[in-house]
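Encoded as structure tokens, the structure appears first; notes follow it.
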Amino acid sequence: KHGYKMRELLKLLKNSPGESALPQSFLDEAKDHIVGRAETVLRLGDSSGNTGGQSAASALGLGRGGSADDADDDDDDDLSDMSEEELQDLQNDLDELIEEERQRSGSWNATFSTDSKQNADKVVQVLRSIDEDCARLDKRVHAPVLMFDKDLKIDNSLHRALVHHIRNAQHFVYLETEHFIGSSHLWSEEKASGANNLVPGEIAAKICAKVAAEQPFHAYIVVPLFPLGLPGSREVQQRLRWQHLTVQMVYRRIAAAIEAAGLEESKTASDYFSFLFLGNREAAEAHKRGNDADADEAADSAEAATALATQVESGDREDYAAAARRVAASRRFQVYVHSNVLIVDDHVALLGSGSVQQRSLAGNRDTELGVSIFEASKLATATETPRGQVYGFRMSLWSEHLGPDLVEQEDFDATVLQHPGSEACANLVQRLARENWTVFARNEGGDEDNVGGHMMRYPYEVEPDGTVLALPDHDSFPDFEMCGVLGSRSINPAFSTL
């Protein structure tokens, strides 16, 4: 009976790739034990037919030498009536099945395990923000693998991974995130707001260390132009204020480090930190399809105004209807950043749902999932960044963000983008971002062409001491006069906003 059950189990395993998920070291250690035990249970006789003085039936506790209690009432499981030839045939079938399993596990191992030459250096780690109210966390696992919030066990590995990779960065950090709010203990005000994640503070600390060592380094942060929601709403304005306080904290700490190093004559905080957003501006339809498209544009503008006005309270409808008409007429839109990506030194990429805000990284609030990916054979050194798949991913991403026209410029040197931490690369990206912003923000002209690229400077002006102001003539975002760039403080901000 037990032999038949084991055979059915092996049949299930035969079509399962589950063994491929186990590392080779574990397989080598456990294979003999697992398969060997199956052979012991299933052994009805050796290949020569010699049963070693014990019949196959009695070895399974089902034969003439076994007790009545050991036998199953089901005739299908009773082997006592089988002849020696039939038992030998069954043994041969089982031996063949076991050998197939061994060969199959070997082929899976060659494809997926860490011993494979092709995939030997591919490492993927799953990261989470979750608590035991939403997941069954192993009671035997304790800090620092899991953390506690009072009596609630939480997994905030997503936050810890971001901090870890930033701390180990040597050349650059590239971060795309829906929100950039954190390290409130370092803000100039509202320190007790509760934005306690360490990511912005770690970026600032890393840059300050590089400034003190007089080593090149750059951090690129890409966010939406403004968060999801009605631009003039209390929630959006409060988020923009916290974002402003976070960015200003980073710039001020960098500026202080530059002054402490005596580099204020040659360096500014913007030489180490770029704050950007993604946007788009399309050529006017009149220039695409002829002047007869003006009527279509007017219709689209009216439709957009009507659609947006129906989503807001009656007192604000006219303001948002006017904003919708301006957006339709100017043909400029933000490209909303909802993916969250961290790339460090072109050797590790972290992708997931969690953005840089307390809700995503605390572990006991929003549930988030992410993965970190790197190639063990292509890690950055003190002088070089690798050229692996993470590098290819970043270059593909930047080619989309910076625009296809870049390669057509006569003075363009593609090798500059291979070194994001260099001053030359930072200057190139910032120059393109300023040019794209100019096309995006101007209210007259520019109807003939699309904007050159999507990566644009955020409408912040950075003072020498790191104080962050709105760009001149841009206290509010283009087309949205009710939405201040620096945000505003709510009397009683909602906890869910943070």
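- Across every non-hydrogen atom of G201 and S183, the tightest pair is N-OG, 2.7 Å.
- Using a 4.5 Å heavy-atom cutoff, the side chains of V356 and V223 are not in contact.
- Residues that satisfy the side chain to side chain donor-acceptor pair (under 3.5 Å) test with E463, not counting sequence neighbours, are absent from this structure.
- Put simply, CD1 on I343 and CG on L397 are 6.0 Å apart, with the number rounded to the nearest 0.5 Å.
- Interatomic distance, L162 CG to N340 CG, rounded to the nearest 0.5 Å: 9.0 Å.
- Within 6.0 Å of CD on E375 lie more than 12 heavy atoms contributed by other residues, nucleotides or ligands.
- For E178, there are no salt bridge (charged side-chain N to carboxylate O under 4.0 Å, His left out) partners two or more places apart in sequence or in a different chain.
- Within the model, atoms CG of L186 and CE of M249 stand 5.0 Å from one another, a figure rounded to the nearest 0.5 Å.
- Considering only residues two or more places apart in sequence or on other chains, H185 meets the ring pair (Phe, Tyr, Trp, His ring centres under 6.0 Å) condition with none of them.
- If you check the side chains of E176 and H401, you find a donor sitting under 3.5 Å from an acceptor.
- Looking only at atom types and distance, the side chain of R387 has a donor-acceptor partner in the side chain of T385 under 3.5 Å away.
- In this structure, F226 CZ and L240 CG are separated by 9.0 Å, a value rounded to the nearest 0.5 Å.
- When all heavy atoms of I181 and A195 are compared, the closest pair comes out as CG2-CB, 4.0 Å.
- Side-chain atoms of F180 and L175, non-hydrogen and from C-beta on, do get closer than 4.5 Å to each other.
- Nearest heavy atoms, M456 versus N280: CE-N, 3.9 Å.
- Remark: Y458 engages F275, Y460 in a ring pair (Phe, Tyr, Trp, His ring centres under 6.0 Å) (not counting sequence neighbours).
- Considering every non-hydrogen atom in both C425 and W398, the closest pair reads SG-CZ3, 3.7 Å.
- Across Q358 and G194, no two heavy atoms sit closer than the pair CG-O, 3.4 Å.
- Counting only residues at least two apart or on different chains, the side chain to side chain donor-acceptor pair (under 3.5 Å) pairs with a member in residues 216-230 are H218-S274.
- The structure places CZ of R239 at 4.0 Å from NE2 of H179, a figure rounded to the nearest 0.5 Å.
- Side-chain contact between S184 and N196 is present, with heavy atoms from C-beta onward closer than 4.5 Å.
- In summary, of the residues considered (S355, S360, P224), a side-chain contact (heavy atoms from CB on, under 4.5 Å) with T177 occurs for S355 alone.
- L350 has its side chain out of reach of V341: every pair of non-hydrogen atoms, C-beta onward, lies at least 4.5 Å apart.
- The side chain to side chain contact (heavy atoms under 4.5 Å, CB included) search around V327 returns F333, D479, F480, not counting sequence neighbours.
- Judged as a ring-ring contact (aromatic ring centres under 6.0 Å, His included), not a single pair has a partner in residues 362-393 (not counting sequence neighbours).
- Using a 4.5 Å cut-off on side-chain heavy atoms (C-beta onward), R128 and L158 make no contact.
- Residues R394 and P420 are in side-chain contact: their nearest non-hydrogen atoms beyond the backbone lie under 4.5 Å apart.
- Take N364 and apply the side chain to side chain donor-acceptor pair (under 3.5 Å) test, not counting sequence neighbours, and it matches D149.
- In terms of heavy-atom proximity, P386 sits nearest to D345 at CD-O, 3.2 Å.
- A distance of 12.0 Å separates NE2 in H347 from OG in S377, rounded to the nearest 0.5 Å.
- Residues satisfying the salt bridge (charged side-chain N to carboxylate O under 4.0 Å, His left out) test with E423, not counting sequence neighbours, are K267.
- Residues satisfying the side chain to side chain contact (heavy atoms under 4.5 Å, CB included) criterion with R434, sequence neighbours excluded, are Q430, R431, R457.
- Side-chain contact, Q237 with R489: no donor N or O sits under 3.5 Å from an acceptor N or O.
- The shortest side-chain heavy-atom distance between F277 and V335 does not fall under the 4.5 Å cut-off.
- Applying the side chain to side chain donor-acceptor pair (under 3.5 Å) rule to R241 yields the partners E189, E190; only residues at least two apart in sequence or on another chain are considered.
- Shown here is H474, whose NE2 atom has more than 12 heavy atoms of other residues, nucleotides or ligands within 6.0 Å.
- Judged as a side chain to side chain donor-acceptor pair (under 3.5 Å), and not counting sequence neighbours, the contacts of E132 are K139.
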- [ ] Begin from the C-alpha positions of H244 and W187 and carry the test side-chain contact (heavy atoms from CB on, under 4.5 Å) through to its verdict.
- [x] CA-CA 10 Å; H244 168 246; W187 293 354; over 6 Å; no

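- V348 places none of its side-chain heavy atoms less than 4.5 Å from the side chain of I373.
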